[in-house]
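Position 1 is the first residue of the sequence, and the numbers go up from there. Everything numeric in this text was worked out from a predicted model, so none of it was measured.
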Amino acid sequence: MYTMKQVCDETNMTYQTLKYYCNEGLIPNVKRDGNNHRVFDEHDVKWIKDLICLKKCGMSIQEMKIYLDLRLQGESTIPQRKEMLAKKRDSLLASIMELKNCVDFVDWKQNFYDEVLSGKRPYVSNLIRIEDD
């Protein structure tokens, strides 16, 4: 069994976030020790790691609750869960493409600056107005 602190250390989650997830019902069947402190087993820790990943995927707390509810219903809800995850995957791929475009811009701009600094290209700026004589 793991204490809250041990789970936080294992998952790199803050104590406040873990407590919030518990209070929101995202971690079902939370057990308590003799002092009424929350304790977690291996299955709980695995699920908490899944929640962290779902959050990083952009899933809201409400979406995580829906996903959890579907999981608790068992195998019959696998198609709905697959659909939820497919939508998240599409969204993540779109975000990756946006980030790739940003990286491409930065690379292009760095190359432009390198060429200006080496004298291969004149410096031109859309922000600095040059008056015609």
Under a 4.5 Å cut-off applied to non-hydrogen side-chain atoms, are Lys55 and Tyr21 in contact? yes
Indicate yes or no: at least one non-hydrogen side-chain atom of Met13 is less than 4.5 angstrom from one of Val7. no
Just wondering, do Phe40 and Leu18 contact through their side chains at under 4.5 Å, heavy atoms? yes
Taken to the nearest 0.5 Å, the spacing of Leu85 CG from Leu92 CG works out to 10.0 Å
Heavy-atom side-chain proximity of Tyr15 to Met4 below 4.5 angstrom: yes
Does the side chain of Arg38 reach to within under 4.5 Å of the side chain of Lys31, using non-hydrogen atoms? no
Donor-acceptor pair, side chain of Asp44 and main chain of Asp41, under 3.5 angstrom: yes
Which heavy atom of Val116 sits nearest a heavy atom of Pro122, and at what distance? CG2-O, 4.0 Å
According to a hydrophobic-cluster definition based on side-chain heavy atoms being under 4.5 Å apart (Ile, Leu, Val, Met, Phe, Trp, Tyr only), do Met97 and Val103 belong together? no
Using the rule that two of Ile, Leu, Val, Met, Phe, Trp, Tyr join whenever any of their side-chain heavy atoms come within less than 4.5 Å, decide whether Ile128 and Phe112 are in one cluster. yes
Relative to the ring of Trp47, is the ring of Tyr67 parallel (under 30°), tilted (30 to 60°) or perpendicular (over 60°)? parallel
Working to the nearest 0.5 angstrom, can you tell me the gap between Leu99 CG and Asp104 CG? 11.0 Å
List in chain and number order the residues that pass side chain to side chain contact (heavy atoms under 4.5 Å, CB included) with Leu70, two or more places apart in sequence or in another chain; answer none if no residue qualifies. Ile66, Gln73, Thr77, Gln80, Arg81, Met84
Is Asp50 salt-bridged to Lys46, cutoff N-O under 4.0 Å? yes
Between the CD atom in Glu115 and the CD atom in Gln110, the distance rounded to the nearest 0.5 Å is 12.0 Å
Counting only heavy atoms not in Asn29, do more than 12 sit closer than 6.0 Å to its CG atom? no
In the structure I gave you, are the side-chain heavy atoms of Thr14 and Cys8 within less than 4.5 Å of one another anywhere? no
Tyr20, Val45: one ILVMFWY side-chain cluster at the under-4.5 Å cut-off? yes
Applying side chain to side chain donor-acceptor pair (under 3.5 Å) as the test, list every pair that has at least one member in residues 1-12; sequence neighbours left out. Tyr2-Glu42, Thr3-Gln6, Lys5-Asp9, Glu10-Lys49
Within this structure, what is the CG-CG distance for the pair Leu26 and Leu54, rounded to the nearest 0.5 Å? 9.5 Å
Salt-bridge criterion met for Asp114 and Lys120 (N-O under 4.0 Å): no
Approximate separation, where rounding is to 0.5 Å, of Cys53 SG and Ile48 CD1: 14.5 Å
Could you walk me through whether Arg89 and Leu93 satisfy the side-chain contact (heavy atoms from CB on, under 4.5 Å) test, starting with their C-alpha distance in whole Å, then the side-chain angles of each, then the deciding distance to 0.1 Å, before giving a yes or no? CA-CA 6 Å; Arg89 184 179 191 282; Leu93 288 173; 3.1 Å; yes
Does Leu72 belong to the same Ile/Leu/Val/Met/Phe/Trp/Tyr cluster as Met64, with side-chain heavy atoms less than 4.5 Å apart forming each link? yes
Does a side-chain heavy-atom distance below 4.5 Å link Ile61 with Glu24? yes
Residues in side-chain hydrogen bond (donor to acceptor under 3.5 Å, both in side chains) contact with Glu63, at least two apart in sequence or another chain: Ser60, Lys88
Can you see which heavy atom on Val39 is nearest to which on Val30, and at what distance? O-CG1, 4.5 Å
What one should report as the nearest heavy-atom pair of Gly25 and Leu68 is O-CD2, 3.2 Å
Do Asp107 and Asn111 have side chains that approach each other closer than 4.5 Å (heavy atoms only, starting at C-beta)? no
Is it the case that more than 12 heavy atoms not belonging to Lys109 sit under 6.0 Å from its NZ atom? yes
